[in-house]
Amino acid sequence: MSNAEKRGKRQVLIRPSSKVIVKFLQQMQKHGYIGEFEIIDDHRAGKIVINLNGRLNKCGVISPRFDVTIDEIEKWVVNLLPSRQFGHIVLSTAFGIMTHEEAKRKKTGGKILG
């Protein structure tokens with residue numbers, strides 16, 4: 001996705017599809033980083049076509065998926081994000097997949113996805 005964005009493409013195809021990827025994309029869409037996306041079921045692993053809107057600077061996966069407690073979220077924000085008011089870290093929590101700001105509001109930790 002980042003490479004297609006840098007090249008100025010309007011659409012990008014991602015495969016294989018998974019529930020985690022779809023939830024991650026919904027978070028990105030909610031915050032305005034990408035446009036609409038369509039899930040194509042080809043009776044195999046599936047594909048996703050994403051419409052890009054030119055607002056994506058950097059997007060990546062944090063591997064391995066580190067466990068983060070509510071107290072450690074701020075430390076990860078400082079390490080991963082370019083500035084305090086810019087960008088989002090997506091976490092997989094017991095309440096579902098959400099950004100670090102939502103996790104702070106719900107007072108929960110989880111695993112870092114990206």
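Side chains included, hydrogens not; waters and symmetry mates left out as well; all remaining heavy atoms used.
- For the pair Glu72 (side chain) and Thr69 (backbone), a donor-acceptor distance under 3.5 Å is present.
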Report task. Begin from the C-alpha positions of Ile62 and Leu113 and carry the test side-chain contact (heavy atoms from CB on, under 4.5 Å) through to its verdict. Result -> CA-CA 6 Å; Ile62 309 300; Leu113 294 180; over 6 Å; no

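- A salt bridge links Glu74 with Lys104: at least one charged nitrogen is closer than 4.0 Å to a carboxylate oxygen.
- Residues Thr108 and Ile73 come closest through the heavy atom pair O-CD1, 3.9 Å.
- The shortest side-chain heavy-atom distance between Lys47 and Glu38 does not fall under the 4.5 Å cut-off.
- Checked by atom type, the side-chain pair Glu36/Asn51 shows no donor-acceptor distance below 3.5 Å.
- Residues Val22 and Tyr33 are members of one and the same hydrophobic cluster, defined by side-chain heavy-atom contacts under 4.5 angstrom among Ile, Leu, Val, Met, Phe, Trp and Tyr.
- Phe37 has its side chain out of reach of Met28: every pair of non-hydrogen atoms, C-beta onward, lies at least 4.5 Å apart.
- Under the 4.5 Å side-chain criterion, counting only non-hydrogen atoms from C-beta, Phe24 is not in contact with Ser18.
- Note on Leu80 and Met1: separate hydrophobic clusters, where clusters join Ile, Leu, Val, Met, Phe, Trp and Tyr whose side-chain heavy atoms are under 4.5 Å apart, directly or indirectly.
- Ring orientation note: the planes of His100 and His88 are tilted relative to one another, at an angle of 30° to 60°.
- When all heavy atoms are compared, the tightest approach of Ile39 to Ser17 is CG2-OG, 4.3 Å.
- Checked for salt-bridge contact, Arg10 and Glu5 miss the test: no charged N lies under 4.0 Å from a carboxylate O.
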Query - Stepwise side-chain contact (heavy atoms from CB on, under 4.5 Å) check, Leu91 with Lys111 - result: CA-CA 5 Å; Leu91 301 170; Lys111 291 186 180 288; over 6 Å; no

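- Using a 4.5 Å heavy-atom cutoff, the side chains of Leu13 and Ile48 are not in contact.
- Cluster annotation: Leu56 and Val90 are assigned to the same hydrophobic cluster (Ile/Leu/Val/Met/Phe/Trp/Tyr, side-chain heavy-atom contacts under 4.5 Å, transitive).
- Ile89 has its side chain out of reach of Thr99: every pair of non-hydrogen atoms, C-beta onward, lies at least 4.5 Å apart.
- A heavy-atom distance below 4.5 Å is not found between the side chains of Val20 and Ser92.
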